[in-house]
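Scroll down for the structure; my scribbles are underneath it.
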Amino acid sequence: MANKNEVRLQKFMAEQGVASRRKSEELIAAGKVKVNGHPYKDLVTVRGEKITFIKKRKMVYIMLHKPRGYVTTVSDERGRKTVMDLIPDIKERVYPVGRLDKDSEGLIILTNDGSFANCMTHPSHEYPKKYRVTVRPDITDEALDNLRHGIEIDGRKTAPAEVTVLTKEEGRVVLEFILREGRNREIRKMCESQGLEVARLKRTAIGSLKLGMLPQGQYRELSEQEIKKLLRSAGHKEV
């Protein structure tokens, strides 16, 4: 039986704000994390940089309106702009929760709370994510049905989605998507399979959290009530 003072390395890394648990597992699997002894007492390094165990630290929860042209990572080997460039005033080491591709815009959450990030990204919680998507040239009833009922992408069918036509003009349609899974570039691939070009894609909500009137490129901290509401919807009774 594990000692009560022991802690999983990926959990320890997430709690220290290195990365999410999933990303921490990838770093461990890639051999980029070194441990010497027990996690609480040991020297833990990631890419040669020491992680210092901190018992108490300020938890930060941020919502950001990501513009197009920024990648949703802490750093980028190709030198592209990242969402971290938009929060220079945040001194704590935070990281993005989930993804939003470079060509998309809208709501992104960043935090240094590993447990919160894990809760938000765990597939079992199926947080509904809402998107406003502009496509060209037009959409047929058949294509709408296909999008709603699921399309095979990369050898696996997408989960059922809520897809609504918001506005329709000649050569241009604005759709609202509500998804409960988070596959890479899922909406773009779904639309492309139906012969639709995605001209604009904007995430407007994650669960109970709405982007609202937050200006593009700006961020704000989540309120305690917003955090509790997000966690409660994942089954947390006390937060």
Side-chain angles (χ1 to χ4, degrees), residues 10 14 19-26 29 61-66 68 70-74 83 95-111 113-135 139 142-166 173-211 222 226-227 229-236:
Q10 62 266 38
S20 66
R21 286 194 195 185
R22 188 177 299 176
K23 183 61 177 179
S24 295
E25 289 172 357
E26 293 175 3
Y61 309 86
I62 295 167
M63 60 178 289
L64 168 72
H65 186 165
K66 184 188 97 65
R68 283 181 280 188
Y70 288 79
V71 292
T72 310
T73 56
V74 173
V83 291
Y95 50 87
V97 178
R99 302 171 181 163
L100 198 56
D101 69 61
K102 177 175 173 287
D103 298 320
S104 299
E105 58 192 286
L107 178 58
I108 281 283
I109 298 174
L110 299 100
T111 187
D113 184 339
S115 296
F116 174 82
N118 186 60
C119 177
M120 291 296 298
T121 55
H122 199 283
S124 66
H125 297 150
E126 296 185 336
Y127 276 100
K129 298 180 179 68
K130 187 181 291 185
Y131 302 82
R132 186 182 176 93
V133 185
T134 303
V135 298
I139 190 165
E142 181 183 0
L144 268 175
D145 286 339
N146 291 338
L147 294 172
R148 288 167 177 159
H149 293 106
I151 296 166
E152 186 170 314
I153 294 174
D154 302 327
R156 184 161 60 95
K157 193 173 183 179
T158 59
E162 296 177 41
V163 186
T164 307
V165 176
L166 297 180
V173 182
V174 179
L175 304 171
E176 180 180 88
F177 275 75
I178 299 179
L179 302 184
R180 287 177 170 79
E181 64 177 359
R183 294 167 61 178
N184 185 38
R185 298 178 69 86
E186 182 171 3
I187 291 177
R188 293 183 183 277
K189 290 178 180 179
M190 290 171 70
C191 290
E192 286 168 7
S193 75
Q194 302 304 300
L196 299 169
E197 176 195 354
V198 175
R200 188 175 185 184
L201 193 157
K202 180 178 183 179
R203 183 156 65 199
T204 58
I206 299 175
S208 57
L209 187 65
K210 297 179 181 179
L211 184 62
L222 300 185
E226 287 172 327
I227 296 166
K229 197 169 182 180
L230 285 168
L231 291 175
R232 228 181 276 125
S233 64
H236 287 243

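Under the 4.5 Å side-chain criterion, counting only non-hydrogen atoms from C-beta, L64 is in contact with V83. Looking at heavy atoms from C-beta onward, L147 lies in side-chain contact with Q194 at the 4.5 angstrom threshold. Residues L179 and I187 are in side-chain contact: their nearest non-hydrogen atoms beyond the backbone lie under 4.5 Å apart. No side-chain heavy atom of V97 sits under 4.5 Å from any side-chain heavy atom of L110. At least one side-chain heavy atom of V165 sits less than 4.5 Å from a side-chain heavy atom of V173. No side-chain heavy atom of Y61 sits less than 4.5 Å from a side-chain heavy atom of I109. In this structure, the side chains of E176 and V163 stay at 4.5 Å or more apart for every pair of heavy atoms. Between R132 and F177 the shortest side-chain heavy-atom distance does not fall below 4.5 Å.
At distances below 3.5 Å, not a single donor-acceptor pair connects side-chain atoms of T121 with backbone N or O atoms of G98. Remark: side-chain polar atoms of K66 are not paired, donor with acceptor, to backbone N or O of L107 under 3.5 angstrom.
Paired with E162 under the rule salt bridge (charged side-chain N to carboxylate O under 4.0 Å, His left out), one option of K129, R180, R148 passes, and it is R180. Remark: of the listed residues K202, R188, R200, R203, R188 is the sole one forming a side chain to side chain donor-acceptor pair (under 3.5 Å) with S104. Between L211 and the choices H65, E105, K130, the side-chain contact (heavy atoms from CB on, under 4.5 Å) rule is met once, by H65.
In summary, D101 and R185 engage in a salt bridge, as defined by a charged side-chain N under 4.0 Å from a carboxylate O.
Considering every non-hydrogen atom in both D113 and S115, the closest pair reads OD1-N, 3.1 Å. Nearest approach of Y127 to G207, heavy atoms of both residues: CD2-CA, 4.2 Å. Across K157 and R183, no two heavy atoms sit closer than the pair O-NH1, 3.4 Å.
The distance from the CD1 atom of I206 to the CD1 atom of I108 is 6.5 Å, given to the nearest 0.5 Å. Rounded to the nearest 0.5 Å, atoms SG (C119) and CD1 (I227) are 12.0 Å apart. With rounding to the nearest 0.5 angstrom, the CD atom of E197 is 11.0 Å from the OG1 atom of T134. To the nearest 0.5 Å, atoms CE (M190) and OG1 (T158) are separated by 4.0 Å. For the atom pair CG (L201) and OH (Y131), the distance works out to 7.5 Å, reported to the nearest 0.5 Å.
Counting only N and O atoms by type, the side chains of T73 and R99 include no donor and acceptor under 3.5 Å apart.
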>> Is there a side chain to side chain contact (heavy atoms under 4.5 Å, CB included) between I139 and L175? Walk through the geometry before answering.
In response: CA-CA 10 Å; I139 190 165; L175 304 171; 3.9 Å; yes

>> With side chain to side chain contact (heavy atoms under 4.5 Å, CB included) as the criterion, how do I62 and L222 come out once you've worked through the C-alpha distance, each side chain's angles and the decisive distance to 0.1 Å?
In response: CA-CA 6 Å; I62 295 167; L222 300 185; over 6 Å; no

